[in-house]
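Keep in mind it's a predicted model, so treat the numbers as computed, not measured. Note that these values count all heavy atoms, side chains included, but never hydrogens, waters or copies made by symmetry.
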Amino acid sequence: MLVVATKAQDARPRAIRTHVPLDSIVLSDPFILADATTHMYYMTGTGGLLWKSKDLAFWEGPFQVTNTDSTSWMGPRPMIWAAEIHHYKNKYYYFATFTNRAVKIDTVKGNVIERRACHVLVSDRPDGPYVPMQDATYLPANMPTLDGTLWVDKDGKPYMVYCYEWLQNLNGTIEKIELKSDLSGTIGKGKLLFRASDAPWSREKDENGKDRPNKVTDGPWLFRTGTGRLGMIWTSWIYDVYTQGVAYSTSGTLDGPWVQEAAPITPANYGHGMLFKTFDGKQLMSLHSHTSINGRTRRVPHFFEVDLSGDKLVVGKPYISVGQPSR
């Protein structure tokens, strides 16, 4: 069975388009793999489909790349969010959030919570197909988790860093869990890194209209600065404005403590970022814009130049690739 373009799994064939400009692709949580072996850029994200490009300006796709198990907890038509592709130990690993809408695990404050969790698939090729591995689950079935990413810490061990969703705990968290050496499952239990309410910049109104920190954690991505400092970009909200901030670990490891920067690092209504390096050595951030058009949300991928040479991540100007029209 193959992944759906937008929400769920579907075996219908999809037309493959060529020479598609980046800003005409509607996609949230855009992730870029710059694959040295094929000298190709691969972009995926929510919806689980894959796009390919040689220059970051024009893209070919979308391609269906996952083969999930219809008898697993995901069911026959899982929603796929925030897919990432990591090249690790000569294989390609597909980290994503899968949701089985037919299974309800909890109801909190009137919100019905569906079975949603981070999971990892594997392939020998960057463009798949991606298939399940050993463990049936990576995280507890009774907690909604999302936006899992890969990080190898100073102890040399691989970890999944993920969000425990606010819908259940009412104050979203970012946590880590150790992965097996081949990423085929998890070891032990998750550990809290920080909570949504730790961000000094996030804001929402409570039931009485009073200000408080926002409850949402979204899209963690780990990096090291030129000085070796460990940082994490992640996204929440300032009222109704989608906003990305950054935190730094004082220990230089995932265990923190994590100290949140006071101000966001990207323009308003941009978020769920990740970092990658182009084939000519330029450091970029991929993220999506979040705009409302006639009551509907539109999310489009963007690239920003970034500087990691010092002690902090510095976000620069929008990146326009060679051959891409300036708009």
Side-chain angles (χ1 to χ4, degrees), residues 29-37 39-43 53 55-56 82 84-89 93 95 147-163 174-176 178-179 193-194 198-201 217-236 243-267 270-288 301-322:
D29 315 327
F31 178 95
I32 305 294
L33 170 69
D35 184 59
T37 302
H39 207 74
M40 183 80 71
Y41 297 103
Y42 298 88
M43 179 170 66
S53 175
D55 59 9
L56 295 176
E84 300 185 357
I85 298 172
H86 295 268
H87 189 208
Y88 181 75
K89 293 186 176 180
Y93 292 90
F95 283 63
D147 296 353
T149 191
L150 174 66
W151 182 253
V152 179
D153 214 1
K154 282 188 173 181
D155 59 7
K157 297 177 181 178
Y159 292 87
M160 179 191 288
V161 176
Y162 61 92
C163 300
I174 292 181
E175 306 184 0
K176 73 163 188 176
E178 185 180 345
L179 291 164
L193 303 185
F194 59 83
D198 293 341
W201 48 265
T217 49
D218 181 87
W221 178 262
L222 284 300
F223 63 91
R224 286 201 185 275
T225 68
T227 61
R229 194 179 187 196
L230 178 62
M232 183 195 304
I233 52 177
W234 66 285
T235 303
S236 190
T243 305
Q244 182 171 260
V246 63
Y248 293 96
S249 167
T250 59
S251 69
T253 72
L254 286 177
D255 290 328
W258 288 89
V259 177
Q260 307 290 330
E261 292 285 279
I265 60 168
T266 46
Y270 285 81
H272 200 113
M274 57 81 61
L275 306 176
F276 71 100
K277 188 175 287 187
T278 65
F279 295 126
D280 60 0
K282 187 176 290 292
Q283 190 76 56
L284 299 182
M285 175 184 290
S286 173
L287 72 176
H288 70 255
H302 297 266
F303 303 141
F304 281 82
E305 296 182 9
V306 297
D307 182 359
L308 287 173
S309 62
D311 199 42
K312 290 186 176 183
L313 166 68
V314 179
V315 180
K317 63 184 180 181
Y319 173 74
I320 305 298
S321 59
V322 176

When you compare the side chain of [Y] with that of [X], does any pair of heavy atoms fall below 4.5 Å?
X    : Y    : answer
M285 : L313 : yes
L150 : P158 : yes
I85  : D35  : no
L56  : F279 : no
V259 : Y248 : no

Looking only at heavy atoms, which two atoms of [X] and [Y] are closest? And how far apart?
X    : Y    : answer
G256 : S251 : O-OG, 2.6 Å
D29  : H288 : N-ND1, 2.9 Å
S53  : M40  : O-SD, 3.2 Å
M232 : P220 : SD-CB, 3.9 Å
M43  : P30  : SD-CB, 4.2 Å
L254 : L222 : CD2-CD1, 3.9 Å

Just do the side chain to side chain contact (heavy atoms under 4.5 Å, CB included) check on F223 and V246 with the steps written out, would you?
CA-CA 11 Å; F223 63 91; V246 63; 3.9 Å; yes
Does a side chain donor of either T149 or D147 reach within less than 3.5 Å of an acceptor in the other side chain?
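Note: T149 and D147 side chains miss the donor-acceptor criterion.
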Can we call the ring centroids of F31 and H272 under 6.0 Å apart?
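No, the ring centres sit 6.0 Å or more apart.
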Measuring from atom [atom1] of [X] to atom [atom2] of [Y], what distance do you get when rounded to the nearest 0.5 angstrom?
X    : Y    : atom1 : atom2 : result
L230 : W258 : CG    : CH2   : 4.0 Å
D218 : I233 : CG    : CD1   : 11.0 Å
D307 : K312 : CG    : NZ    : 13.0 Å
T278 : E305 : OG1   : CD    : 9.5 Å
T217 : I174 : OG1   : CD1   : 5.0 Å
Y41  : L284 : OH    : CG    : 7.5 Å

May I ask you to decide if the ring planes of W201 and W234 are parallel, tilted or perpendicular, using 30° and 60° as cut-offs?
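Taking W234 first and then W201, their aromatic rings sit tilted (interplane angle of 30° to 60°).
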Parallel, tilted or perpendicular, as decided by the 30° and 60° cut-offs, for the rings of F276 and F303
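Correct class here is perpendicular.
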Evaluate the side chain to side chain contact (heavy atoms under 4.5 Å, CB included) criterion for residues W151 and K176: first the C-alpha distance (whole Å), next the side-chain angles of each, then the deciding distance (0.1 Å), finally the verdict.
CA-CA 9 Å; W151 182 253; K176 73 163 188 176; over 6 Å; no
Using modelled atom types only, decide if a donor and an acceptor are shared between the side chain of [X] and the backbone of [Y] within a distance under 3.5 Å.
X    : Y    : result
H302 : L287 : no
R229 : G310 : no
Q283 : L308 : no
D153 : D155 : no

